[in-house]
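Everything below concerns the one structure shown next.
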Amino acid sequence: MEWLPILPILIPLATAVGCLLAWGRVGAQQTISLAGSLLLFAASVLLLLVVDRDGIQVLGVGDWRPPFGIVLVIDRLSALMVLLAGVLAPCIVTYAVVAIDDRRQHFGFHVLLQTLFLGVCGAFTTGDLFNLYVWFEVLLISSFVLVALGGERAQLEGAIKYVTLNLLSSITFLAAVGIIYAVTGTLTMADIARSITAGSPQPMATVAASMLLVAFGIKAAVFPVFYWLPASYHTPPIAVGAVMAGLMTKVGVYSLVRVYTLIFSHEQPYAGPLLAWCAALTMIVGVLGAAAQGDIRRILAFHSISQVGYMILGLAIFTPLALAGTMVYIVHHGLVKTNLFLIAGLIHRVGGSYQLNRLGGLYTSFPGLGLLFLVVAMSLAGIPPLSGFWAKLALVIASVETHHWWLLASALGVSLLTLFSMVKIWAEAFWKPMPQMTPADNEFPEAYDDEPDIPPTRVSWLAMTLPCVVLAAAMIAVGVFAGPVFEFAERAAEELLNPQVYIEAVFPV
């Protein structure tokens, strides 16, 4: 099984090339993209089972042994993240086949989407710090073009804001990589960890750790460097917003967890309090921003910021239970937030708007859609026994065990405000009567709304609804089987808190 670590990179790469060769033939691109996404899901499941059974999987690219070549390292955390990408990929592609207009699909949508999956999986599997930077750039380029694809003014505005702050992140990241290489003479993460642990404390290593905190914090949309996210997530087509909400910030969170458990674990006494404040402020600012919005996409975008705070909270507490809670929360949020964006697209198709003041009465006509939204929204708010409840419960217990009472208060308060936002969407879009539009209302068209206003056919409705149902079922499964899920997450957390396991897998004794 030595070839397994390359599959999450090889499959989306081959799929992107196949879509490129089918340029101009939309049907062929759709078929290739969906087949490649299903293969990625199958490979991710196999990889998770093998890693959990046999331990960390290591592959030296080009048969170069570390630290002289790039190495792929997949532990339980990496395998879990790849599985999340594998679950989301076919759902998003299936939805996009109907939801994305033919013009965008003709001009490379599926090539860009598969390239984004390539960058995500590459970031999750690499064991080389500079290679992680390369995958970040692959992500940035593909996601930037996806946000701008279509050339609408609002899209270009959102894309420019998105790329500006993320380029700042890339520059900071690259500078930190240079400092680390100057200090340690290596870029293999396991070798860096071994060098920093074995040597005397290096002030420049602390500087590099701080720079990586800023760089990855921007990618994850952590307070106070989150401004790009609410300015860009609502501008592209909803399928693009869904994949960005489900995966993009997770790459930043994953990178923070990776470097602060493997390379800079000794910095935890200093970084922990800073991460705790960032987590609390990210939760609070995000949920307050969501409460003030009247556009479903903007509400969900601000909640993406808020939920990142919960993920960072586990890293700040830095106990096995807290890190396990972070991992389960990442999976929960990836499933739920992607689904909420996709459901928002369905609401727009049947209601004609994303603005809550222009929606109403949808539960009468589409009760199934209303129930689907309600179940997923309640999971985001942390209502038992759904997946969000168990993830938040683990973080709450970890906060109590470590006496982080103010973090506990922040997490519980933000959960209540999250519930308020979700109930607001339900009440406005589904429960209240449809408002009567006046001629004055039509003088102000809905901003940032380039979605095709096409009544859904039976086939298109099925293609858009099926991914939402699948993701909801996966979310419910995480809640129902919370015991086995947390057992796996706790094994992964113990692995993270013992960096020597990772180091010895790359450099066997």
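Along the sequence shown, residues carry numbers from 1. When reading the values below, keep in mind they use all heavy atoms of this one structure, side chains included, and skip hydrogens, waters and symmetry mates.
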**Request:** Take Ser37 and Gln114 through the test side-chain hydrogen bond (donor to acceptor under 3.5 Å, both in side chains) and record every step on the way to the result.
**Result:** CA-CA 8 Å; Ser37 299; Gln114 293 298 328; 3.2 Å; yes
**Prompt:** Any side-chain heavy atom of Val285 sitting closer than 4.5 Å to one from Ile305?
**Reply:** no
**Request:** Output, in order, the C-alpha distance, side-chain angles, deciding distance and verdict of ring-ring contact (aromatic ring centres under 6.0 Å, His included) for Phe216 and Phe136.
**Result:** CA-CA 10 Å; Phe216 297 150; Phe136 267 52; 5.7 Å; yes
**Item:** Any Tyr310 side-chain heavy atom under 4.5 Å of Thr282 side chain
**Value:** no
**Prompt:** Once the angle between the rings of His333 and Tyr329 is folded into 0 to 90°, is it parallel (under 30°), tilted (30 to 60°) or perpendicular (over 60°)?
**Reply:** parallel
**Asked** Taking the side chain as C-beta and beyond, is there a heavy-atom pair between Pro320 and Arg491 under 4.5 Å?
**Response** no
**Complete:** Across all chains, not counting sequence neighbours, the side-chain hydrogen bond (donor to acceptor under 3.5 Å, both in side chains) partners of Tyr254 are Ser78, Arg258
**Prompt:** Can you name the side chain to side chain contact (heavy atoms under 4.5 Å, CB included) partners of Glu401, sequence neighbours left out?
**Reply:** Leu321, Ile397
**Prompt:** Just wondering, more than 12 heavy atoms not from Tyr181 lying within 6.0 Å of its OH?
**Reply:** no
**Message:** Would you say that Thr261 contacts Tyr502 through its side chain, given a criterion of any heavy-atom pair below 4.5 Å between the two side chains?
**Reply:** no
**Message:** For a 4.5 angstrom cut-off between non-hydrogen side-chain atoms, does Ile74 reach Leu59?
**Reply:** no
**Asked** Quick one: does Val257's side chain get under 4.5 Å of Met311's, heavy atoms only?
**Response** no
**Asked** Is the closest side-chain heavy-atom distance between Phe507 and Pro67 below 4.5 Å?
**Response** yes
**Prompt:** Residues in side chain to side chain contact (heavy atoms under 4.5 Å, CB included) with Ser210, at least two apart?
**Reply:** none
**Asked** From Leu46 CG over to Leu4 CG, what is the distance, rounded to the nearest 0.5 angstrom?
**Response** 5.0 Å
